[in-house]
Structures are given as C-alpha cells and as structure tokens.
Participant: 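Sharing a structure, written as structure tokens. Questions coming.
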Amino acid sequence: MLVVDDDEVIRQLIAVNLSLEGFEVATATDGEDCLERVLDVMPDVITLDVMMPRLDGWVTAERLRADEATSHIKVVLITARAQDDDKRRGLGIGVDAYLTKPFDPAELIQVVRDLASLARN
C-alpha cells in the first residue's frame, strides 16, 4: 500500500486508518516521490491525491499506467475535485476508484480492501 498526498495530516490519516486494518503502508509526499518509491514498495494499491506540487496526481496516474512495471497497480484518486469532468478524466486514465474529499474513512478502507483483493487474484 502506498499513500501519496502532499498534506501531511491527510497522508497520516489515511496511513493510520489503513495500518489499523492490517495493511502494510508506505507514504510519499507527491507524484515525483511516488514514482521514485513505487518500484521499491511494489504496492497492490496506491491512494493518490490529485492536487500536489512538482507532479500532480493526473500525470502520476498516467505515468503509472504507461509503465509496464506499474500498470497493474490499483490506483485510487482522492481529491477535492468532485466535478464530473474530473471523474471522467480519472476514469479515462484508467484509475480504479475515485473518492472525493472529505472522504469517509470506512468507504476508503472498503475500496482499498476490495482493490487489494482483486490485485492478489
């Protein structure tokens, strides 16, 4: 599990919630950090904020999907951008789920659990 968000409070909130559910969690501070760490971590699922400095979630997701080594990893976009166009853009990139902030931690856990289960099959 790799949690990517430039906001430390949100990053830790997600990481703690997932850790309490038994997931092994690594974190990254932005898209660049995510792409640098992903091959070392090789997570089943990445939660990815959209609005981040250096490299945003859109471009990060596109690069993850374009790379044969990471294209299989399940990606959950988590963002305050809740417009239909934003959701379509995420689905067009090939993300596996799209959650809007503020998110329900129970919903996030269920989405990650479901995607992790799919990733292992």
Side-chain angles (χ1 to χ4, degrees):
M1 182 75 236
L2 182 59
V3 174
V4 185
D5 200 301
D6 61 314
D7 183 313
E8 184 176 356
V9 172
I10 293 173
R11 188 173 59 246
Q12 291 305 316
L13 172 72
I14 294 170
V16 166
N17 275 286
L18 293 171
S19 292
L20 290 172
E21 291 297 316
F23 290 98
E24 186 175 318
V25 180
T27 62
T29 57
D30 60 30
E32 289 281 343
D33 193 22
C34 171
L35 295 176
E36 290 169 5
R37 302 203 60 217
V38 70
L39 293 178
D40 292 330
V41 176
M42 282 312 290
D44 290 330
V45 180
I46 296 173
T47 64
L48 185 59
D49 185 23
V50 171
M51 304 305 290
M52 295 183 290
R54 295 202 306 162
L55 191 62
D56 69 29
W58 302 121
V59 175
T60 303
E62 288 170 345
R63 291 186 183 175
L64 289 166
R65 287 294 176 250
D67 186 334
E68 190 174 304
T70 59
S71 63
H72 67 284
I73 298 171
K74 304 297 184 189
V75 176
V76 180
L77 283 182
I78 302 177
T79 180
R81 299 182 62 121
Q83 302 299 320
D84 287 340
D85 286 346
D86 296 318
K87 291 178 183 177
R88 278 193 289 277
R89 182 176 180 187
L91 295 174
I93 292 169
V95 302
D96 300 283
Y98 191 104
L99 298 176
T100 55
K101 293 177 183 175
F103 58 88
D104 174 6
E107 180 183 13
L108 172 65
I109 290 164
Q110 190 59 55
V111 167
V112 170
R113 186 180 289 128
D114 291 349
L115 291 174
S117 177
L118 287 173
R120 293 183 193 114
N121 292 332

Participant: Looking at His72 and Ala69, what are the two nearest heavy atoms and their distance?
Facilitator: CE1-O, 3.2 Å
Participant: Test side-chain contact (heavy atoms from CB on, under 4.5 Å) on Val112 and Leu18; report intermediate values, then the result.
Facilitator: CA-CA 8 Å; Val112 170; Leu18 293 171; 4.0 Å; yes
Participant: Where is the tightest heavy-atom contact between Arg11 and Val3, given as atom of each residue plus distance?
Facilitator: O-CG1, 3.8 Å
Participant: Please name the pair of heavy atoms, one in Thr27 and one in Ala15, separated by the smallest distance, quoted to 0.1 Å.
Facilitator: CG2-CB, 4.1 Å
Participant: Determine whether Leu108 and Val25 fall in the same hydrophobic cluster, where Ile, Leu, Val, Met, Phe, Trp and Tyr are linked whenever their side-chain heavy atoms lie under 4.5 Å apart.
Facilitator: yes
Participant: Quick one: pull up CG in Asp7 and CG in Asp30 and give me the separation to the nearest 0.5 Å.
Facilitator: 13.0 Å
Participant: Should the pair Lys101-Asp5 be classified as a salt bridge under the 4.0 Å nitrogen-to-oxygen rule?
Facilitator: yes
Participant: Nearest heavy-atom pair of Arg113 and Phe23: which atoms, and what distance?
Facilitator: CA-CZ, 3.8 Å
Participant: Is it true that Asp114 and Gln110 share a donor-acceptor pair across their side chains at a distance under 3.5 Å?
Facilitator: yes
Participant: CD1 of Ile46 to SG of Cys34: how many Å apart, nearest 0.5 Å?
Facilitator: 4.5 Å
Participant: Consider only side-chain heavy atoms of I, L, V, M, F, W and Y, link residues closer than 4.5 Å, and tell whether Leu55 and Val76 are in one cluster.
Facilitator: no
Participant: Asp6: what forms a salt bridge (Lys or Arg N to Asp or Glu O under 4.0 Å) with it, not counting sequence neighbours?
Facilitator: none
Participant: Cluster question for you: counting only ILVMFWY and a side-chain heavy-atom cut-off of under 4.5 Å, with indirect links fine, are Leu115 and Leu91 together?
Facilitator: no
Participant: Grab the two heavy atoms, one from Leu77 and one from Gly90, that are nearest each other, plus how far apart they are.
Facilitator: CD1-CA, 4.0 Å
Participant: Less than 4.5 Å apart, any side-chain heavy atom of Asp33 and any of Arg54?
Facilitator: yes
Participant: Would a hydrophobic clustering, with Ile, Leu, Val, Met, Phe, Trp and Tyr connected at side-chain separations under 4.5 Å, put Val95 with Val50?
Facilitator: yes
Participant: Side-chain heavy atoms nearer than 4.5 Å, only ILVMFWY residues, links allowed to pass through others: does that put Leu2 and Leu118 together?
Facilitator: no
Participant: Which pair of non-hydrogen atoms, one from Val111 and one from Ala97, has the smallest distance, and what is that distance?
Facilitator: CG1-CB, 3.6 Å
Participant: Applying salt bridge (charged side-chain N to carboxylate O under 4.0 Å, His left out), run through Asp44 and Lys74 and close with a yes or a no.
Facilitator: CA-CA 6 Å; Asp44 290 330; Lys74 304 297 184 189; over 6 Å; no
Participant: Before you tell me yes or no, could you show the steps for Tyr98 and Thr79 under side-chain contact (heavy atoms from CB on, under 4.5 Å), namely the whole-Å CA-CA distance, both residues' side-chain angles and the distance that decides it to 0.1 Å?
Facilitator: CA-CA 8 Å; Tyr98 191 104; Thr79 180; 3.2 Å; yes
Participant: So, using salt bridge (Lys or Arg N to Asp or Glu O under 4.0 Å) as the criterion, who are the partners of Asp96 when residues are at least two apart?
Facilitator: Arg65
Participant: When you measure from the side chain of Asn17 to the backbone N and O of Leu13, does any donor-acceptor pair fall under 3.5 Å?
Facilitator: yes
Participant: Can you confirm whether Asp56 sits close enough to Val59 that some side-chain heavy atom of one is under 4.5 Å from a side-chain heavy atom of the other?
Facilitator: yes
Participant: With side chains defined as the heavy atoms from C-beta onward, is the minimum distance between Val4 and Met52 less than 4.5 Å?
Facilitator: yes
Participant: Which value, rounded to the nearest 0.5 Å, describes the distance between Arg63 atom CZ and Thr60 atom OG1?
Facilitator: 7.0 Å
Participant: Check side chain to side chain contact (heavy atoms under 4.5 Å, CB included) between Val41 and all other residues, then give those that pass, not counting sequence neighbours.
Facilitator: Ala26, Arg37, Pro43
Participant: Start with the C-alpha distance between Ile78 and Ile14, add both sets of side-chain angles, then the distance that settles side-chain contact (heavy atoms from CB on, under 4.5 Å), and finish with yes or no.
Facilitator: CA-CA 10 Å; Ile78 302 177; Ile14 294 170; 3.9 Å; yes
Participant: Rounded to the nearest 0.5 Å, what separation is found between the CD atom of Glu32 and the CG atom of Leu35?
Facilitator: 6.5 Å
